[in-house]
Novice: 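Can you keep this structure in mind? I'll have questions shortly.
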Amino acid sequence: MTIHNIEIAAKFNQIADLLEIQGENPFRIRAYRNAARELESLPQEITDMIQQGVDLTTLPTIGDDLAKKIEVMVKTGEIPYLKKLETQVPLVLSELLKVEGLGPKRVKTLFQKLNVQNADDLRKVIESGKLRTIKGFGEKLEQKISAGMLHVQEYSKRTRLSDAFPIVESFIKYFKKLKEVKQVECAGSFRRRRETVGDLDILISSNQAEKIITHFVNYEEVDEILSQGDTRSSVRLHSGIQVDLRVVDEASYGAALLYFTGSKAHNIAIRKMAVKMRLKINEYGIYRGEEQLAGKTEKDVYKQIGLAYIEPEMREDRGEIVLAQKNELPKLITLNDIKGDLHCHTTASDGDASIEQMVEKAQALNYEYIALTEHSKSLTIAHGLDEKRLLQQLELIDKLNAKLKKFVILKSMEVDILEDGTLDLSEDVLKQLDLTVCAVHSKFNLSERKQTERILRAMDNPYFNIFAHPTGRLINKRQPYAIDLDKIMQAAKERGCVLELNAQPERMELDDVHCLQAKNRGVKIVISTDSHSTSQLDNMKFGVFQARRGWLEAKDVINTHSLKELQRLLKRD
DNA sequence: GCCGTTTTCGGCCCGACTGTTTTCAGTCG
């Protein structure tokens, strides 16, 4: 049995929930949550680390006690301490914590006074009017809890970054019309470009907070006003997304932006640094006693604690602060660095646009090259090309290339990796291609060992260049297939293969942690849109966002290079 | 429960809004 990091993290979070309901020491609770977060973003599996004899207490947030609990969990699949807690407080109570308006204190009260253990119990005590008999539970709170229960599922779902974009853009536009607005930005995980966002955090600088708040709650897409104060307000939009607004003075804008961009872990880390220097950071600025030392820009605030400016995408407390101290932060890749797209389809297989249309759009994006990567014959549903049709396309590409100036169409194909690890094209044809983009399109449910072996065998083929769709996941829809990416990366490094970061917003395979892992291993990445239409070529930005979250620089990504250099990088030994 | 360039004990990030109080606890970000 393999215990994954996220499973241990989940157990730690459950322990934290139960301790919270019991009213335990908040710092002890935080210790469990910190450890859970650490485990979630750990690039290596704990199980492997234990096998390699790594001392877990060398990890931040993990001490002697938690290290022991992790080891027991890995060995037995359970944490006895959690079992013990469950005999005192039913675990299902943690579900109630997800209801808006209910926190640990209220859940405990409901459990003790009315024996409420789950949503059903809660509904019953509301209907019978018993809830209101409890001290501290009034009419308004009852309404809030009732509404909250209806939406637990719906609102806990995170929105894909690409879906949040148009919502944010119209919000920003709406606020820019107001002359009282000096600066406006969407902070939070949106600004950190996480692949999904929970709610949206809009920050505005203005000296007319009241007017801004009124403008905010009157926005036409607002369905419900959740709170409305002097400087902050929250609403729920018709789309179900919650939006939080905060208004500050210009003198505090940078500090507030820093605070509302997060992540929470990053904020806590820099505030701790400030405390050590006898300073205090809050959303209004950085202070020595009453005196504000900085606050107008984020850069000023970082500078006061001896840090270089850290890009939002890196603010996850994954080691970026140490690098900022040493002034050794990576120079993150930007959209401007991209010189071409190496994964696109045309009408020849399952795309919507012709070759000419795709080329025209790629040229408009100032690209120097594009690779046409139709599906191969096994993928009949996508009208995959057999050898004969592919050869016809190659001829056509030659003709078009002869006419093009300062732009090259690369001959390629999205080759299916069959179940036995062979490629879905004969060597005769493979050798006529400039590069191959190889991917799994069937048999997703093989065991991790078999799936990994399948890919490794495919990589042994000297014509294998890019491993596309490396996890097969669809955000909010399909889990990644079981695969040992660590082994794959090792093999890619040895064989000179490249891993694809697929920029389709619903895919985003690899994730940020994978990117960082690849970078550390020296494995090259290609960011590709997998476009099936001309407009999808614009999805490149989402791939770049993800790459930035994974600390990638232009040099780590092969399609930032000129054609000549690209060809050198693709060459296998 | 973790952690250490003032500490192996005593700290642990910080503030706004709501509802139900009648001066503040609870929740949230």
Novice: Tell whether A:Asn25 reaches the base of B:dG1 with its side chain through a donor-acceptor pair below 3.5 angstrom.
Specialist: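 Result: at least one qualifying N/O pair found.
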Novice: Nearest to the A:Arg271 side chain among B:dG15, B:dT18, B:dC14, which nucleotide is it?
Specialist: B:dC14
Novice: Specify the separation, in whole Å, of atom CD of A:Glu142 and atom P of B:dG19.
Specialist: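 Distance, rounded to whole Å: 14 Å.
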Novice: Once you apply a heavy-atom cut-off of 4.0 Å, does A:Gly101 come out as touching a base, just sugar-phosphate, or nothing?
Specialist: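 Sugar-phosphate only.
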Novice: Please give the distance between the C1' atoms of B:dC12 and B:dT18 as a whole number of Å.
Specialist: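 Per the computed distance, 27 Å lies between those C1' atoms.
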Novice: Side chains of A:Asp337 and A:Val557: does their closest heavy-atom pair fall under 4.5 Å?
Specialist: no
Novice: Would you mind classifying the nucleic acid contact of A:Ser233 as base, sugar-phosphate or nothing, using non-hydrogen atoms under 4.0 angstrom?
Specialist: nothing
Novice: Of the options B:dC17, B:dG29, B:dG1, whose atoms approach the side-chain atoms of A:Asp244 most closely?
Specialist: B:dG29
Novice: Rounding to an integer number of Å, can you tell me how far A:Lys272 NZ sits from B:dC3 C1'?
Specialist: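 It works out to 8 Å between those atoms.
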Novice: Please state how far atom CD1 in A:Ile268 lies from atom P in B:dC3, giving the value in whole angstrom units.
Specialist: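 Whole-Å distance recorded here is 14 Å.
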Novice: Quick one about A:His514 and A:Glu509 (side-chain donor to acceptor, distance below 3.5 Å, no hydrogens or angles considered), yes or no?
Specialist: no
Novice: Taking the minimum atom-to-atom distance to the side chain of A:Asp201, which one of B:dG29, B:dG15, B:dC12 wins?
Specialist: B:dG29
Novice: Using whole Å, report how far CZ of A:Arg246 lies from C1' of B:dC28.
Specialist: 12 Å
Novice: Assign A:Lys68 to base, sugar-phosphate, or nothing according to its heavy-atom contacts below 4.0 angstrom with the strands shown.
Specialist: nothing
Novice: So, A:Glu298 and A:Arg191, do they make that salt bridge, N to O below 4.0 Å?
Specialist: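 Salt bridge flag = yes for A:Arg191 with A:Glu298.
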Novice: Measure from the side chain of A:Asn282, starting at C-beta and using heavy atoms only, and say which of B:dG29, B:dG15, B:dT18 lies closest.
Specialist: B:dG15
Novice: Taking the nucleotide of DNA chain B with the nearest heavy atom to each, does A:Leu141 or A:Asp64 sit closer to the 5' end?
Specialist: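 The 5'-side residue here is A:Asp64.
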Novice: Could you tell me whether A:Asp65 contacts a base, only the sugar-phosphate backbone, or nothing, with contacts defined as non-hydrogen atoms closer than 4.0 Å?
Specialist: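 Sugar-phosphate contact only.
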Novice: Take atom CD1 of A:Ile281 and atom P of B:dC12, then tell me their distance rounded to the nearest Å.
Specialist: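 Going from A:Ile281 (CD1) to B:dC12 (P), I get 15 Å.
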Novice: Take atom P in B:dT7 and the same atom in B:dG11, then report the distance between them in whole Å.
Specialist: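 That atom pair is separated by 14 Å.
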Novice: Under 4.0 Å between any heavy atoms, over every strand shown, what does A:Pro26 touch: base, sugar-phosphate, or nothing? Just pick one.
Specialist: nothing
Novice: Would you mind telling me which of B:dT27, B:dC14, B:dT20 lies closest to the side-chain atoms of A:Pro104?
Specialist: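 For A:Pro104, the side-chain atoms sit closest to B:dT27.
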Novice: Assuming nearest nucleotide by heavy-atom distance, tell me which of A:Gly136 and A:Leu59 is located more 5' along DNA chain B.
Specialist: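 Result: A:Leu59.
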Novice: Below 4.0 angstrom, N of the basic side chain to O of the carboxylate: do A:Asp512 and A:Arg318 qualify?
Specialist: yes
Novice: Measuring only the C1' atom in each nucleotide, how far is B:dC3 from B:dT8? A whole number of Å is fine.
Specialist: 9 Å
Novice: Does B:dT8 have a Watson-Crick or wobble mate here (both distances under 3.5 Å), and if so which one?
Specialist: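 Answer to the pairing question: none, since B:dT8 forms no Watson-Crick or G-U pair.
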Novice: Considering only the P atoms, how many Å lie between B:dG1 and B:dT5, rounded to the nearest integer?
Specialist: 23 Å
Novice: Can you say whether a donor on the side chain of A:Tyr259 sits under 3.5 Å from an acceptor on the base of B:dG29, or the other way round?
Specialist: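 It does, because a donor-acceptor pair links the side chain of A:Tyr259 to the base of B:dG29 below 3.5 Å.
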Novice: Rounding to a whole Å, what distance do you find between A:Leu85:CG and B:dG1:C1'?
Specialist: 13 Å
Novice: Salt bridge check, A:Glu38 against A:Arg33: does any charged N sit closer than 4.0 Å to a carboxylate O?
Specialist: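 Looking at A:Glu38 together with A:Arg33, the answer is no, because their closest N to O distance does not fall below 4.0 Å.
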Novice: A:Glu20 has an atom CD; how far is it from atom P of B:dT27, in whole Å?
Specialist: 9 Å
Novice: Across the strands shown, which category fits A:Ile29 at heavy-atom distances under 4.0 angstrom: base, sugar-phosphate, nothing?
Specialist: nothing
Novice: May I have the distance from A:Gln242 (atom CD) to B:dC17 (atom P), rounded to whole angstrom?
Specialist: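 It is 14 Å, rounded to the nearest whole Å.
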Novice: Is it the case that more than 12 heavy atoms not belonging to A:Gln52 sit under 6.0 Å from its CD atom?
Specialist: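 Correct, the count exceeds 12.
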Novice: When you check the side-chain N and O atoms of A:Glu40 and A:Asn5, is any donor under 3.5 Å from an acceptor?
Specialist: no
Novice: Output yes when at least one side-chain N/O atom of A:Lys69 is less than 4.0 Å from OP1 or OP2 of B:dG1, else no.
Specialist: yes
Novice: Is A:Lys144 touching bases, backbone alone, or none of the nucleic acid, heavy atoms closer than 4.0 Å?
Specialist: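 No contact.
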Novice: Using the side-chain heavy atoms of A:Ala31, tell me which of these nucleotides is nearest: B:dC2, B:dG19, B:dT27.
Specialist: B:dC2
Novice: May I ask you to verify if any side-chain N or O of A:Thr231 is less than 4.0 angstrom from the OP1 or OP2 atom of B:dC17?
Specialist: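 Checking A:Thr231 against B:dC17: at least one side-chain N or O falls below 4.0 Å of OP1 or OP2.
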Novice: Nearest to the side chain of A:Leu66, which nucleotide is it out of B:dA16, B:dC2, B:dC12?
Specialist: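 The closest nucleotide is B:dC2.
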Novice: Looking for any heavy atom pair under 4.0 Å, which part of the strands does A:Ile270 touch: base, sugar-phosphate only, or nothing?
Specialist: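 Since no nucleic acid heavy atom lies under 4.0 Å of A:Ile270, the category is nothing.
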Novice: Just compare B:dA16, B:dT21, B:dC14 and give me whichever is closest to any side-chain atom of A:Lys135.
Specialist: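 So the nucleotide nearest the side chain must be B:dT21.
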Novice: Ignoring the backbone of A:Arg106, work out which of B:dG26, B:dC17, B:dC2 is nearest its side chain.
Specialist: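 Looking only at side-chain atoms, A:Arg106 lies closest to B:dG26.
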Novice: Rounding to an integer number of angstrom, what distance separates B:dT22 and B:dG26 when you compare their P atoms?
Specialist: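 Approximately 14 Å lies between the P atom of B:dT22 and that of B:dG26.
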Novice: Thinking salt bridges, do A:Lys331 and A:Glu553 make one under a 4.0 Å N-O criterion?
Specialist: no
Novice: Take atom C1' in B:dT20 and the same atom in B:dC24, then report the distance between them in whole Å.
Specialist: 9 Å
Novice: Give me the distance, rounded to whole Å, that separates B:dT21 from B:dT27 when you measure between the C1' atoms they each carry.
Specialist: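 To the nearest whole Å, 16 Å.
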